[in-house]
Amino acid sequence: MEQLGAGDALLLVDVQHDFLPGGALAVPQGDRVLAPLSRAVAAFAGQGLPIFASRDWHPSNHCSFHAQGGPWPPHCVAGTRGAEFALTLPPSAIVISKATRPEEEAYSAFAGTELEQTLREAGVRRLFVGGLATDYCVRATVRDALAAGFEVVLLTDAVAAVDSEGGARALEEMRRLGARLIDAASAFE
Ligand code: VGL
Ligand code: ZN
């Protein structure tokens, strides 16, 4: 069981229907994150610790979509069912919307958002991170978190990758940059 305390926060990265099986940009085994992250949410909420949830929140003409020459099918269009969170969050959860401008891609939850400032105001020093996808938004978010001086604990059973080799590389990179990799199922049982 992981000891949690003041200064700890949970950050769920893009746990949205469009990234789960059946969604518009389904991440293979994306649904594996739901059970461990639900436990993590219960653990953090139960101790009154802050929970942050980022969401991909694109305009329908976003530059990352094929129609605009981008690499992805349309996904997580703001206000659609596919953009909704795929797990229940407590009312106190702080939602961070990203990649909201047509001309800007933002994989990281820190990119163009108030996440860093909000974390600092909340006295957060250590971030427990899980979500989708390991090789894109989780990777970019963890890199920025470490660069900003936060400790990062990456929940390895609570992430899934678009590409399995890319996912493995991303995990190794996050570890090399200073993230601690642990299993959420055992940490928050
Ligand atoms: C993501 C591809 C496109 C992600 C978002 O959340 O990892 N991947 N947009
Ligand atoms: Zn996106």
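No hydrogens, no waters, no symmetry mates; every other heavy atom, side chains included, goes into these values. For ligands, and for the atoms within them, numbers begin at 1 and follow the listed sequence.
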What's the shortest heavy-atom distance between Ala26 and Leu20, and which atoms?
CB-O, 3.4 Å
With heavy-atom distances below 4.5 Å as the criterion, would you say the side chains of Val153 and Arg126 are in contact?
yes
Is there a donor-acceptor contact under 3.5 Å from the side chain of Arg32 to the main chain of Val159?
yes
Tell me whether ligand 1 is touched by Gln16 - counting only heavy atoms on the residue side and a distance under 4.0 Å.
no
So is Leu132 polar-close to ligand 1, meaning N/O to N/O under 3.5 Å?
yes
Hey, are Glu2 and Arg180 close enough for a salt bridge, meaning a charged N less than 4.0 Å from a carboxylate O?
yes
Any N or O on Asp56 sitting closer than 3.5 Å to an N or O of ligand 1?
yes
Closer than 4.0 Å to some heavy atom of Tyr136 - which atoms of ligand 1 meet that?
7 (O), 8 (N)
Classify the ring geometry of Phe19 against His75: parallel below 30°, tilted from 30° to 60°, perpendicular beyond 60°.
tilted
Glu172 bridged to Arg169 by N-O distance under 4.0 Å:
no
If we only count N/O pairs under 3.5 Å, is Val138 in contact with ligand 1?
no
Does His58 put an N, O or S atom under 2.8 Å from the Zn ion (ligand 2)?
yes
For Cys63 versus Glu105, what's the shortest heavy-atom pair and its separation?
SG-N, 3.8 Å
Just distances here: any N/O of Ala133 and N/O of ligand 1 closer than 3.5 Å?
yes
Atom of Ile96, atom of Ala109 and distance for their closest heavy-atom approach
CG2-O, 3.7 Å
Is a side-chain donor or acceptor of Gln16 paired with a backbone partner of Ala83 at a separation under 3.5 angstrom?
yes
Looking at ligand 1, does any of its N/O atoms fall within less than 3.5 Å of an N/O of Asp14?
yes
Under 4.0 Å to a heavy atom of Cys137 - the qualifying atoms of ligand 1, by number
1 (C), 4 (C), 5 (C), 6 (O), 7 (O)
Quick check: does His62 have an N/O/S atom under 2.8 Å of the Zn ion (ligand 2)?
no
Any N/O/S atom, backbone or side chain, of Asp56 lying under 2.8 Å from the Zn ion (ligand 2)?
yes
Output yes when the distance from some N or O of ligand 1 to some N or O of Lys98 is under 3.5 Å, and no in every other case.
no
If you compare Arg139, His58, His75 by their heavy atoms, the one closest to atom 3 (C) of ligand 1 turns out to be His75
